[in-house]
S.K.: 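Just dropping this structure here.
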Amino acid sequence: MREQITLVCTGCKRKNYTSMKNKRNDPDRIELKKYCPTERKHLPHKEGK
């Protein structure tokens, strides 16, 4: 049930991180606050397609 996802930065729109998610527990898109190296600050990263 676990699926690999990519996290896209909301500021620079780059794919910075990959993560795993359980589709049964989290059917919606995940949003996490992660560090963006291009912006040099912590920004929300949303699950990409």
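This is a predicted model, so every value here is computed, not measured.
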S.K.: In the hydrophobic cluster built from side-chain contacts under 4.5 Å, what are the other members alongside Ile30?
M.R.: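 Result for Ile30 is Ile5, Leu7, Tyr17, Leu32, Tyr35.
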S.K.: Rounded to the nearest 0.5 Å, what separates atom NE2 in His45 from atom SG in Cys12?
M.R.: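 SG of Cys12 is found 6.5 Å from NE2 of His45.
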S.K.: Examine distances only and state if a side-chain atom of Thr6 and a backbone atom of Thr18 form a donor-acceptor pair shorter than 3.5 Å.
M.R.: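 No: the side chain of Thr6 does not pair with the backbone of Thr18.
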S.K.: Can you tell me how far SG of Cys9 sits from CG of Leu43, rounded to the nearest 0.5 angstrom?
M.R.: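 Separation between the atoms: 4.5 Å.
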S.K.: Using the test salt bridge (charged side-chain N to carboxylate O under 4.0 Å, His left out), find all partners of Lys23 that sit at least two apart in sequence or belong to another chain.
M.R.: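 Listed in chain order: Glu3.
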S.K.: Which pair of non-hydrogen atoms, one from Pro44 and one from Thr10, has the smallest distance, and what is that distance?
M.R.: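 In terms of heavy atoms, the two residues are closest at O-OG1, 2.9 Å.
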S.K.: Going by the salt bridge (Lys or Arg N to Asp or Glu O under 4.0 Å) test, which pairs reach into residues 27-49, not counting sequence neighbours?
M.R.: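 Residue pairs with at least one partner in residues 27-49: Lys21-Glu47.
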S.K.: Could you tell me if the side chain of Val8 sits less than 4.5 Å from the side chain of Arg14, heavy atoms only?
M.R.: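 Result no, sub-4.5 Å side-chain heavy-atom pair not found.
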